[in-house]
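Taking it in order: structure first as structure tokens, then the write-up.
The sequence lines fix the lettering, A, B, ..., with proteins before strands; numbering per chain opens at 1. This is a predicted model, so every value here is computed, not measured.
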Amino acid sequence: MDYNFKEIESKWQEYWKNNKTYKVDIDPSRPKFYVLDMFPYPSGAGLHVGHPLGYIASDIYSRFKRLQGFNVLHPMGYDAFGLPAEQYAIQTGQHPAITTDINIKRYREQLDKIGFSYDWDREFRTCDPSYYKWTQWAFIQMFKHWYNNQAQKAEPIEKLIAEFDKNGNSKVDAVCSEVKAFTAEDWKSMTEVEQQEVLLAYRLAYLADVMVNWCPALGTVLANDEVKEGFSVRGGHPVEQRKMRQWCLRISAYAERLLNDMETLEWTDSLKEIQRNWIGRSEGAEVYFKIDGSDMKILIFTTRPDTIYGATFMVLAPESELVDELTTPEYAEKVSAYRDEVKRKTERERMAEAKKVTGQFTGSYAINPFTNERIPIWISEYVLAGYGTGAIMAVPAHDSRDFVFARTFNLPIIQTVIRPGEQATDPNSWSESYDSKEGVVINSTLINGLDVKQAISKINEVIESRGLGKRKINYRLRDAIFSRQRYWGEPFPVYYKDGMPYAIDESKLPLELPEVDAFLPTEKGEPPLGRAKNWKNADGYGYELSTMPGFAGSSAYYLRYMDPHNNNGLVSKEANNYWENVDLYIGGTEHAVGHLIYSRFWNKFLFDLGHVCKNEPFKKLINQGMIQGRSNFVYRIKNTNSYVSLNLKDKHDVTPIHVDVNIVSNDILDIDAFRKWRPEFSDAEFILEDGKYICGWAVEKMSKSMWNVVNPDVIVDKYGADTLRMYEMFLGPLEQSKPWDTNGIDGVHKFFRRFWRLYHNANNQIEVSDAEPTAQELKVLHKTIKKITEDIEKFSFNTGVSAFMICVNELTELKCNKRAILEPLCALIASYAPHIAEELWHLLGHNNSVCDAKWPKHDEMYLQESTYTCPVSFNGKTRFTLEIPLNIPQAEVEKIVLTDANTQKFLEGKQPKKIIIVPNKIVNIVL
RNA sequence: GCGGAUGUGGCGUAAUUGGUAGCCGCGCCAGACUUAGGAUCUGGUGUCGUGAGACGUGGGGGUUCGAGUCCCUUCAUCCGCACCA
């Protein structure tokens with residue numbers, strides 16, 4: 001074999017490792033560049049060919065930046081806490097630490113074969129105490145801070161306590177849980193427990209009774225982003241709503257900043273849009289409605305205060321605490337039955353029945369503050385407890401849900417907005433509501449005749465001046481529930497005294513995860529940590545039994561890479577000021593709202609405290625597409641063990657069966673391998689076409705059950721890492737999803753062999769000439785340099801590969817083996833194919849690594865042409881081309897074209913009506 | 001229902017951003033060499049047509065000298081959100 005990739009690749013991988021070629025340190029003399037891959041969770045299944053896609057792209061970019069003179073930070077590590085290892089532990093008894101360790105080793109082996117330029121000296125895993133020490137530290141900081149709306153940042157809780165001592169909480173403008181107003185005297189007279197309870201309502205990491213997504217099968221609560229359509233994302237188990245006392249992170253305090261700062265990020269619009277939806281900002285007003293015959297008031301949130309004259313009833317969430325007080329004795333039974341029914345329903349059922357209208361009258365009435373009408377108060381599940389105030393004023397004329405509800409329960413409908421230029425109509429004749437984002441207000445004494453926009457601002461003024469309520473911005477984003485009733489996660493650095501939580505002293509960190517005798521809840525139903533012996537501090541106070549969720553460890557990991565061995569801080573000032581934040585982040589869309597929003601929040605919090613210098617963690621982000629599987633099928637004739645080839649299958653009644661793609665080549669089945677594949681196929685019979693068994697195929701998700709998983713190890717073994725890297729990029733645009741088809745890889749592999757041959761003679765010995773290159777050769781080189789540089793800069797790696805192929809085809813054609821051409825070409829390809837480049841670089845006589853070569857620069861001089869191929873078209877249809885000198889006057893072009901014999905032929909004796917000449921491009925003759 | 005993305009040969013894709021549609025590769029066809037091989041090399045390969053030529057970028061319409069690219073409309077597939085007041 002001429003191009004011996006096996007020998008070459010293992011040799012240079014060894015060399016890079018021994019020479020620490022990819023080690024980086026702070027170097028103020030060079031500009032920094034930080035390239036990061038999304039933190040992998042090493043699963044037991046190992047890598048398939050889809051996983052490294054983004055890693056290869058980021059590696060190419062890292063190497064490119066390094067060749068351009070940047071000091072590139074390109075680290076890798078593992079998100080190692082998490083459910084799968086723990087589920088496995090429950091099934092087998094094997095400690096999750098062992099499972100995790102095995103998986104990581106396997107992962108690392110696979111990564112190492114692909115030749116990435118990671119600085120492995122910076123590697124860490126989140127389950128290592130020296131790492132989670134800083135996760136716990138960050139949690140303690142959140143526990144010790146509150147969010148000051150006036151300063152728009154997190155501030156120390158001591159400052160808040162000082163304010164309480166001085167003025168109580170009346171002047172405090174905080175993002176906090178519900179707290180009653182108190183004076184300084186009140187505060188001072190509170191017991192320690194009472195004070196702690198108040199402080200909890202302000203802390204950014206706080207304990208509260210909240211409705212949670214409880215997953216009985218996993219025995220834990222889950223965050224909103226961990227639940228999809230009523231089922232857990234991991235494992236697909238049903239999830240139900242429950243009220244539990246849980247740790248939460250007050251991410252809602254940062255909603256506005258998370259929203260606004262997105263402007264500064266180079267992320268795709270679709271990803272920003274997903275985050276915007278998740279944050280869900282809406283402007284409106286909070287308004288109090290008095291209860292008829294009582295001192296009570298109900299606070300509602302509306303985005304359409306201009307329609308308040310049309311509010312003919314109210315609806316509360318069934319879970320609302322006010323319901324008990326509002327329900328009159330005669331409705332008590334019905335209300336309680338309705339609430340039970342709603343409670344029993346799982347999230348899943350609730351969604352399935354989304355269109356069904358249910359509700360129950362409470363017996364009480366409220367007073368519409370503008371019409372002074374008595375309006376009935378209902379409860380219904382279409383009002384969510386967790387959004388706004390959990391209560392609405394229903395305006396059936398102008399809200400589709402309220403409309404359906406009113407129709408179902410026979411409640412009055414009053415129109416208060418008309419379409420521009422139209423008259424009011426009888427709502428009884430309507431078939432749907434008029435969801436009136438624009439129009440003119442009617443039936444609304446104070447705001448009649450105004451358009452919607454003006455009406456909103458006018459009515460808001462009135463609401464505020466009469467003390468009925470105030471303008472309010474609401475967010476869909478809820479505080480992140482941070483407790484997991486599981487073992488394999490970071491312990492909370494918290495102990496309990498008199499039922500109140502206290503942070504342990506930072507000097508005692510990390511609080512290490514204790515051993516337990518089983519990874520299951522205790523008999524009392526406590527989390528697994530309830531089994532740990534002596535799970536309490538020196539004073540005998542018990543530690544928290546929950547652990548932190550998966551996103552805890554991955555929220556600040558990009559900071560730790562800057563300074564991974566620092567035992568005195570998450571990241572030193574020096575390292576942070578140098579590396580700042582991630583310049584390029586590559587990963588899948590699956591983290592659009594989970595990790596990517598938690599990290600931003602976490603980073604902003606640390607920014608507020610002055611621990612990090614940038615307010616956003618990831619400047620530019622690229623979502624790589626998924627690599628899908630290409631499955632193959634055989635067709636079994638029903639009730640037989642006979643298999644019929646694809647194009648004959650329609651003559652039979654067949655069942656398609658997935659067949660392992662590894663025993664199929666170009667859709668032709670390896671019949672012997674198939675017989676050996678599984679016992680039931682050992683005596684299979686085949687109906688062939690042209691002596692072959694042709695398989696059917698389909699594009700599906702790459703998964704074990706589809707038998708279409710392709711392991712990168714197998715590809716590396718057969719074709720080499722450089723071929724794998726190049727082929728993954730060749731497949732198509734990085735951001736797009738596309739199927740993996742091993743068949744195409746030959747083309748890339750052949751390319752490398754031809755590339756190799758450029759540098760070698762017939763005896764496979766390096767042979768380059770020092771002769772002066774020709775203009776043609778220089779043109780090929782410089783054209784390629786230009787194209788490759790531009791393509792990498794815009795992350796168009798697939799067209800880059802194609803450009804390399806064209807270049808090698810052309811140089812082969814020219815029989816070029818000149819150093820002046822081949823040496824820059826070697827540096828150019830080093831980012832895509834580092835192994836072969838390193839080998840050739842050394843064969844060319846260099847002693848340093850090709851990683852430290854200089855990125856070649858193209859020179860326009862070599863690309864200059866004196867003529868161009870000009871397409872001549874008639875009525876827009878190209879008929880022939882002419883070689884025409886560049887940059888000559890239009891009149892001359894016209895003359896050349898018109899005197900051409902071909903032109904005369906197509907003119908057929910007619911006079912051209914018009915001749916369009918686009919200089920140096922095209923000529924179009926209009927007949 | 002709302003929001004986003006995508007649609008080009010048998011397949012993955014390319015197209016200087018309004019200027020020769022199909023680059024590069026797979027596959028396929030033909031040929032050469034050969035120890036007959038799933039190696040290598042050469043040529044061909046969008047569709048229809050013997051041909052000149054006609055047609056052709058999901059469908060329909062429009063703007064333009066000229067549209068894969070811009071506008072309107074429609075269809076299909078994928079993804080995200082989904083009672084958010």
Span that lies between the [atom1] atom of [M] and that of [N], in whole angstrom:
| N | M | atom1 | answer |
| --- | --- | --- | --- |
| B/U8 | B/A15 | P | 15 Å |
| B/C65 | B/G12 | C1' | 36 Å |
| B/U42 | B/G25 | P | 11 Å |
| B/A30 | B/C48 | C1' | 22 Å |
| B/U64 | B/G53 | P | 29 Å |
| B/G18 | B/C24 | P | 25 Å |
| B/C33 | B/G68 | C1' | 43 Å |
| B/U40 | B/C26 | P | 10 Å |

Which nucleotide, if any, forms a Watson-Crick or G-U wobble pair with [N], using both distances under 3.5 Å?
| N | result |
| --- | --- |
| B/C48 | B/G53 |
| B/U64 | none |
| B/U40 | B/A32 |
| B/A15 | none |
| B/C83 | none |
| B/A5 | B/U77 |
| B/G22 | none |

[X] [atom1] to [N] [atom2], straight-line distance once rounded to whole Å:
| X | N | atom1 | atom2 | answer |
| --- | --- | --- | --- | --- |
| A/Leu731 | B/C24 | CG | C1' | 13 Å |
| A/Trp740 | B/C11 | CH2 | P | 20 Å |
| A/Lys921 | B/U20 | NZ | P | 9 Å |
| A/Phe880 | B/A52 | CZ | C1' | 17 Å |
| A/Met729 | B/C24 | CE | C1' | 16 Å |
| A/Ile694 | B/G10 | CD1 | P | 18 Å |
| A/Leu271 | B/C81 | CG | P | 12 Å |
| A/Glu813 | B/C41 | CD | C1' | 13 Å |

Would you name the heavy atoms of A/Thr799 and A/Ser796 that are closest together and state the gap between them? OG1-OG, 2.5 Å
Partner set under ring-ring contact (aromatic ring centres under 6.0 Å, His included) for A/Tyr862, not counting sequence neighbours: A/His782
List the residues meeting salt bridge (Lys or Arg N to Asp or Glu O under 4.0 Å) with A/Arg281, not counting sequence neighbours, and say none if there are none. A/Glu256, A/Glu283
A/Asp746: partners by salt bridge (Lys or Arg N to Asp or Glu O under 4.0 Å), with sequence neighbours left out: none
With a 4.0 Å limit, can you tell me whether [X] has a side-chain N or O closer than that to the phosphate oxygens OP1/OP2 of [N]?
| X | N | result |
| --- | --- | --- |
| A/Ser873 | B/G19 | no |
| A/Arg476 | B/A82 | yes |
| A/Asn277 | B/G80 | no |

Does [X] reach a base, just sugar-phosphate, or nothing at all? Heavy atoms under 4.0 Å.
| X | result |
| --- | --- |
| A/Arg630 | nothing |
| A/Asn474 | nothing |
| A/Glu735 | nothing |
| A/Thr869 | base |

Does A/Thr723 use its side chain to pair, donor to acceptor, with the backbone of A/Tyr719 at less than 3.5 Å? yes
Among [options], the one nearest [X] by side-chain distance:
| X | options | answer |
| --- | --- | --- |
| A/Leu384 | B/G38, B/A15, B/C83 | B/C83 |
| A/Tyr387 | B/A14, B/G38, B/A85 | B/A85 |
| A/Arg757 | B/C41, B/A14, B/A85 | B/C41 |
| A/Thr303 | B/A85, B/U20, B/C24 | B/A85 |
| A/Lys877 | B/G12, B/C55, B/A85 | B/C55 |

Anti or syn, where syn is a glycosidic angle within 90° of 0; which label fits B/G46? anti
Syn or anti conformation of B/U17, syn meaning chi within 90° of 0: syn
Distances under 3.5 Å between protein N/O atoms and the N/O atoms of nucleotides 25-30 of chain B, please, pair by pair.
{"residue": "B/G25", "atom": "OP1", "partner": "A/Asn809", "partner atom": "ND2", "Å": "3.1"}
{"residue": "B/C26", "atom": "OP1", "partner": "A/Lys750", "partner atom": "NZ", "Å": "3.0"}

Tell me, please, which residues at least two apart from [X] pass side-chain contact (heavy atoms from CB on, under 4.5 Å).
| X | result |
| --- | --- |
| A/Ala406 | A/Phe313, A/Pro396, A/Leu411, A/Ile413 |
| A/Ile456 | A/Arg304, A/Pro305, A/Asp306, A/Val452, A/Asn460 |
| A/Pro369 | A/Val287, A/Phe289, A/Ile308, A/Leu468 |

Classify the ring geometry of [X] against [Y]: parallel below 30°, tilted from 30° to 60°, perpendicular beyond 60°.
| X | Y | result |
| --- | --- | --- |
| A/His749 | A/Tyr3 | tilted |
| A/Trp378 | A/Phe405 | perpendicular |
| A/Phe751 | A/Phe804 | tilted |

Here's one to test your reading of the geometry: is the NZ or CZ of A/Arg630 within 45 degrees of the ring axis of A/Trp740 and under 6.0 Å from its centre? no
Kindly give the atom pairs (protein nitrogen or oxygen, nucleotide nitrogen or oxygen) under 3.5 Å for nucleotides 63-69 of chain B.
{"residue": "B/C65", "atom": "O2'", "partner": "A/Asn924", "partner atom": "ND2", "Å": "3.1"}
{"residue": "B/C65", "atom": "O2", "partner": "A/Asn924", "partner atom": "ND2", "Å": "2.5"}

A/Ile922 vs A/Lys738, nearer the 5' end of RNA chain B by closest nucleotide: A/Lys738
Would you mind telling me which residue lines up with the more 5' stretch of RNA chain B, A/Val801 or A/Pro733, judged by nearest nucleotide? A/Pro733
Using atom types as modelled, flag every donor-acceptor pair under 3.5 Å from a side chain in residues 869-876 of chain A to any protein atom, sequence neighbours excluded.
{"residue": "A/Thr869", "atom": "OG1", "partner": "A/Glu883", "partner atom": "OE2", "Å": "2.6"}
{"residue": "A/Ser873", "atom": "OG", "partner": "A/Val923", "partner atom": "O", "Å": "3.2"}
{"residue": "A/Ser873", "atom": "OG", "partner": "A/Asn924", "partner atom": "OD1", "Å": "3.1"}
{"residue": "A/Asn875", "atom": "OD1", "partner": "A/Leu927", "partner atom": "N", "Å": "3.1"}

